Amino acid sequence: MSDYVSFYETSTEEYLRDSCIPDIPQIIGGDFAEIMISDLLQFVEGYEVPRYKQHGRTDKNSSEHGSDVIAYKITDPEKPNASDELLAIEVKSRSASTDLTGAISEASKDSKKDRSRVAMTLSYYSMRSLKSGDRQTSAELRRFLKASEHPFIESFGIGAVVGVKNAKRQLDGRDASEFLINQNDRVFIIHKNHLMDLIREVYSRCIR
């Protein structure tokens, strides 16, 4: 970043605002939701979570296609174990809305696509990690690219990030089958009243 700022004679704030920080509300909310679910998986659930979907974009308002979040648990990339796990999460954001049930339903519907998108996402992350000199992540992801030779646990789930204070009230008395959630799929919900206000404040601090 310092090389760019120096060469183009611009400020760090201008570079971040013009080239890095999204300014379309839908993209801002979606990115924040994926980052929050990634943090939850990594720091609470103990998964490794590659972050290359948000890193080094050519367009600040466009992310790469594929699974929203990929996470994994692995013992040793050089010694594949059948207990190694790969988890793909479909994330939906309703940061400016209180529609939690709508976010869950849409995430559940789109999660079905992850069955065919995981391999593409793994390949993309492997390429990006290699280009970034991140050989550890590249080696760990490579382990999951040879499923036929080295089986592993493949899991799926959904994440909903919503601007609602009381999530329990919307979900009381509801059953997972109402949202077409597969029996073994995991569900992660992050919620806060007036969430979009917090998101705007966080993003505004990124360019100060």
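Since we're looking at a predicted model, the values are computed, not measured.
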Can you confirm whether [X] sits close enough to [Y] that some side-chain heavy atom of one is under 4.5 Å from a side-chain heavy atom of the other?
X    : Y    : value
P22  : D31  : yes
L171 : F179 : yes
E178 : D175 : yes
K112 : S108 : yes
I181 : V187 : yes
D84  : Y72  : no
T101 : R174 : yes
D99  : V164 : no

[atom1]/[X] to [atom2]/[Y] distance, rounded to the nearest 0.5 angstrom?
X    : Y    : atom1 : atom2 : result
S129 : R135 : OG    : CZ    : 9.5 Å
T121 : F144 : OG1   : CZ    : 13.5 Å
R51  : E48  : CZ    : CD    : 10.0 Å
R143 : L86  : CZ    : CG    : 9.0 Å
I28  : Y203 : CD1   : OH    : 6.5 Å
S155 : D114 : OG    : CG    : 12.0 Å

[X], [Y]: one ILVMFWY side-chain cluster at the under-4.5 Å cut-off?
X    : Y    : value
I190 : V162 : no
F152 : L145 : yes
V69  : M36  : yes
V118 : Y52  : yes
L40  : L87  : yes

Evaluate side chain to side chain donor-acceptor pair (under 3.5 Å) for N81 paired with S83, printing each intermediate quantity in order. CA-CA 5 Å; N81 191 301; S83 65; 2.8 Å; yes
Looking at every non-hydrogen atom in both residues, tell me the closest pair between [X] and [Y] and how far apart they are.
X    : Y    : result
I27  : R57  : CG2-NH1, 4.2 Å
I24  : N61  : N-OD1, 3.5 Å
S138 : S126 : OG-O, 4.0 Å
K79  : T75  : O-OG1, 4.1 Å
D18  : K60  : O-NZ, 3.5 Å
I70  : P50  : O-CD, 3.3 Å

Let's go through K53 and Y125 carefully: what are the C-alpha distance in whole Å and the side-chain angles of both, what is the deciding distance for side chain to side chain contact (heavy atoms under 4.5 Å, CB included) to 0.1 Å, and is it a yes or a no? CA-CA 8 Å; K53 190 173 184 183; Y125 282 1; 3.4 Å; yes
Heavy-atom donor-acceptor pair, [X] side chain to [Y] backbone, under 3.5 Å:
X    : Y    : value
H191 : K165 : yes
S93  : G29  : yes
Q42  : D39  : no

Using a strict cut-off of less than 4.0 Å between a Lys/Arg side-chain nitrogen and an Asp/Glu carboxylate oxygen, indicate whether K92 and E90 qualify as a salt bridge.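 Result for this pair is yes, salt bridge flagged.
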Electrostatic pair E106:R94 at N-O distance under 4.0 angstrom: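 Yes, charged N to carboxylate O under 4.0 Å.
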Kindly determine whether T137 and D134 satisfy side chain to side chain donor-acceptor pair (under 3.5 Å), including the steps that lead there. CA-CA 6 Å; T137 299; D134 181 3; 2.6 Å; yes
Under the side chain to side chain contact (heavy atoms under 4.5 Å, CB included) criterion, do S111 and D185 qualify, and how do the steps go? CA-CA 10 Å; S111 176; D185 282 4; 4.2 Å; yes
For atom CD of Q136, is the number of surrounding heavy atoms from other residues, nucleotides or ligands below 6.0 Å larger than 12?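 12 or below, so no.
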Tell me whether the NZ or CZ atom of R115 lies within the 45° cone about the ring axis of F156 and under 6.0 Å from its centre.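 Output yes; distance and angle both within limits.
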Applying side chain to side chain contact (heavy atoms under 4.5 Å, CB included) to V91 and I158, what does each step give before you reach the verdict? CA-CA 6 Å; V91 181; I158 63 173; over 6 Å; no
Partner of K192 by side-chain contact (heavy atoms from CB on, under 4.5 Å), out of L198, V161, I199: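 Testing K192 for a side-chain contact (heavy atoms from CB on, under 4.5 Å) against L198, V161, I199 leaves exactly one candidate, L198.
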Under the criterion side chain to side chain contact (heavy atoms under 4.5 Å, CB included), I'd like the reasoning laid out for E78 against R142: C-alpha separation, chi angles, the key distance, then a yes or no. CA-CA 10 Å; E78 301 302 325; R142 182 178 59 193; 3.3 Å; yes
